2 protein chains.
Amino acid sequence: MTVHEHGRYSTGVEDLPYRSVPEAAVGRLAVYLRVLTSMIEQGVTTMSSEVLAGAAGVNSATLRKDLSYVGSYGTRGVGYDTARLVEHIERLLGLTRHHSIAVVGIGNLGHALANYPGFPDRGFPVTALFDLDEDLIGVPVGGLPVDHVDSIPAICAEREVTIGVICTPVPAAQGVCELLVAGGVRCILNFAPIVLQVPDDVEVRRVDLAVELQILSFHQVRRCNGNGVGPVVEPIDPIAVSR
Amino acid sequence: MTVHEHGRYSTGVEDLPYRSVPEAAVGRLAVYLRVLTSMIEQGVTTMSSEVLAGAAGVNSATLRKDLSYVGSYGTRGVGYDTARLVEHIERLLGLTRHHSIAVVGIGNLGHALANYPGFPDRGFPVTALFDLDEDLIGVPVGGLPVDHVDSIPAICAEREVTIGVICTPVPAAQGVCELLVAGGVRCILNFAPIVLQVPDDVEVRRVDLAVELQILSFHQVRRCNGNGVGPVVEPIDPIAVSR
DNA sequence: GCGACTTTGTTCCTGCGTTCACAAGCGGCT
DNA sequence: AGCCGCTTGTGAACGCAGGAACAAAGTCGC
Ligand SMILES: NC(=O)c1ccc[n+]([C@@H]2O[C@H](COP(=O)([O-])OP(=O)(O)OC[C@H]3O[C@@H](n4cnc5c(N)ncnc54)[C@H](O)[C@@H]3O)[C@@H](O)[C@H]2O)c1
Ligand SMILES: NC(=O)c1ccc[n+]([C@@H]2O[C@H](COP(=O)([O-])OP(=O)(O)OC[C@H]3O[C@@H](n4cnc5c(N)ncnc54)[C@H](O)[C@@H]3O)[C@@H](O)[C@H]2O)c1
């Protein structure tokens with residue numbers, strides 16, 4: 001499934017001056033996009049970097065540098081045209097085309113994802129569901145019938161699935177991953193708490209909620225212990241006392 | 001406050017020599033922890049940094065540096081004692097104590113989280129559920145009855161909830177967040193796609209699946225377009241995928 | 001007991017990402 | 001029309017994280 005003819009999108013991606021967009025910036029751009037669309041719905045047509053940065057929870061300089069990666073489309077003295085900015089960020093992120101999603105493992109989490117309207121609404125239609133459980137095969141979930149895992153390669157290739165979402169138990173995850181790769185899927189979102197081994201040209205993002213909780217735990221404990229020195233004590237630095 | 005020789009360690013948290021552990025390292029340590037516990041279940045008692053790094057998907061030098069933050073407990077020429085390593089990582093991450101979780105918004109996602117045994121299994125017992133929907137109040141989910149959102153502050157304080165998980169629709173998220181903070185919760189895991197505004201002493205981690213998908217989309221499109229320099233660069237040998 | 005091999009812990013360095021700061025540019029006001 | 005103030009875009013500095021390389025240290029084999 002090599003994408004040869006991109007020329008069809010004349011307003012397309014190929015003439016963007018994008019080089020070396022930092023990984024972190026890509027994630028933030030997606031956040032800006034969400035804030036912007038929300039603002040547009042409220043009728044906002046122009047935003048300054050200061051305001052947008054505040055809403056996105058980042059430094060305004062960082063925001064402006066991030067936006068410079070998509071090209072300079074702001075107006076000095078005024079700010080950014082929200083609609084135009086959305087358009088350009090979407091183009092950089094490759095959202096001008098739709099990306100079909102396949103969800104594998106229609107258990108608790110898989111059900112929630114399959115029913116979630118936020119994905120199709122944002123250009124990520126769920127076009128395939130898979131499970132091993134015979135009782136689930138053929139049952140429609142969110143309007144789409146569940147197929148058997150064995151048909152992953154064929155169906156993914158046929159429906160041009162670009163993103164595979166793994167919601168199976170840990171022992172099944174690696175195998176499912178390989179089936180997806182065999183079906184031509186090169187982007188994987190993995191909810192199973194395991195590090196998947198994949199070829200170099202496959203991109204995996206892992207969503208590990210237990211890790212998130214443990215990071216929160218770390219900060220919680222650290223906060224109570226000050227800088228790790230001495231027993232549990234109130235913060236030593238009297239920052240509250242201003243000079 | 002002195003960091004005495006850490007050849008001797010008592011079981012307490014207070015004399016850990018942890019200072020300035022990089023944020024990224026904390027996340028990786030949680031991953032090592034998972035790999036290690038999995039290995040221990042398989043009877044592995046010793047691991048080298050090379051092997052552990054491979055399983056965790058990181059560079060071995062990075063791994064050793066990360067482990068140096070928890071103290072030097074490896075044996076040169078042999079590797080790390082898995083059980084002891086787990087013990088020390090858990091201590092650094094503050095997992096020696098349990099952290100009660102409250103889930104707010106018992107919809108699709110909230111149900112999945114409330115039923116997920118992986119949280120209590122890892123020291124994060126779910127001790128409170130909240131929703132606005134009258135039909136849900138009192139209904140047990142995962143063995144725990146749902147309470148009304150209005151009782152968030154009281155119940156969170158009473159049950160000493162340390163982590164609040166927000167699974168409500170976007171418009172409700174900020175309000176729910178404030179209720180949690182009022183109940184003394186200072187760590188929040190937010191699934192609603194919105195940037196929460198919180199006091200400085202509250203730590204928020206956002207899990208935004210749409211952002212994850214968009215990052216994957218970016219890489220997908222970029223891969224097809226080469227490195228952005230010049231027009232579309234085609235991979236000479238596409239993988240042996242049927243076209 | 002001793003040597004050689006293995007692996008850790010650490011140091012140095014390179015590269016990236018973030019922030020500061022400021023000149024350039026644009027709109028609005030008088 | 002010209003000036004003023006506001007905001008962008010970017011160059012430069014700073015801080016930090018990640019990777020390579022190496023010396024110390026401990027074990028295993030003989
Ligand atoms: N539920 C949560 O809140 C939650 C939170 C964090 C992580 N996770 C992780 O997400 C994954 C799924 O969680 P869940 O709660 O939905 O589990 P679940 O048990 O409810 O669902 C798992 C589903 O996968 C299917 N399955 C099993 N083997 C399969 C295979 N080989 N191929 C395809 N499908 C297979 C099962 O039939 C079942 O429908 C797990 O790895 C879990 O650790 C879940
Ligand atoms: N379901 C998914 O797969 C998914 C994926 C990504 C993000 N999210 C986000 O997670 C959140 C929840 O998603 P969901 O699919 O579970 O939605 P849902 O509609 O199934 O559930 C939302 C729940 O929140 C409750 N609620 C509404 N207002 C409330 C309030 N003020 N206080 C407390 N509870 C309230 C509702 O009664 C309902 O039970 C949403 O913000 C959604 O965008 C969900």
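Owing to the predicted nature of the structure, the values given are computational and were not obtained by experimental measurement. Chain A is the first sequence line, chain B the second, and so forth, proteins listed ahead of strands; every chain is numbered from 1.
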Side chains of Y73(A) and D81(A), donor plus acceptor under 3.5 Å: no

Any side-chain donor near an acceptor of the partner, H219(A) and E23(B), under 3.5 Å: yes

When the distance from CG of L67(B) to P of dG18(D) is rounded to whole Å, what number comes out? 13 Å

Grab the N/O contacts between the protein and nucleotides 21-27 of chain D below 3.5 Å, and write none if there aren't any.
unit_1	atom_1	unit_2	atom_2	d
dA24(D)	N3	R76(B)	NH1	2.7
dA25(D)	O4'	R76(B)	NH1	3.4

Can you tell me how far P of dA17(D) sits from CG of L63(B), to the nearest Å? 16 Å

If you assign N59(A) and Y80(B) each to the DNA chain C nucleotide with the nearest heavy atom, which residue ends up on the more 5' nucleotide? Y80(B)

Euclidean distance, E50(B) CD relative to L63(B) CG, rounded to 0.5 Å: 9.5 Å

Taking atom types as modelled, is there a side-chain donor on R91(B) or T96(B) under 3.5 Å from an acceptor on the other? no

Would you indicate which nucleotide in dT10(D), dT8(C), dG18(D) comes nearest to any side-chain atom of S68(A)? dT10(D)

Please report, rounded to the nearest Å, how far the P atom of dT8(C) is from the OH atom of Y32(B). 13 Å

Could you give the CE-to-C1' distance, from M47(B) to dT6(C), as a whole number of Å? 16 Å

Just the rounded figure in Å: distance from C1' of dA17(D) to CD of E23(A). 15 Å

Closest of dT8(C), dG19(D), dT19(C) to the T62(A) side chain is dT19(C)

Looking at side-chain heavy atoms only, is the closest gap between T46(A) and T82(A) below 4.5 Å? no

I'd like to check L29(B) versus Y32(B) (side-chain heavy atoms, cut-off strictly below 4.5 Å). Are they in contact? yes

Would you say the base of dG9(C) and the side-chain of K65(B) have a donor-acceptor pair closer than 3.5 Å? no

Closest approach of D66(A) and R28(A), non-hydrogen atoms and distance? OD2-NE, 2.6 Å

Establish, with yes or no, whether the OP1 or OP2 oxygen of dT7(D) is under 4.0 angstrom from a side-chain nitrogen or oxygen of S49(A). no

Find the distance Y73(A):OH to dG25(C):C1' and express it as a whole number of Å. 18 Å

Euclidean distance, atom CG of residue D81(A) to atom C1' of dG27(C) [Å, nearest integer]: 15 Å

Whole-Å gap separating C1' (dT18(C)) and CZ (R28(A)): 8 Å

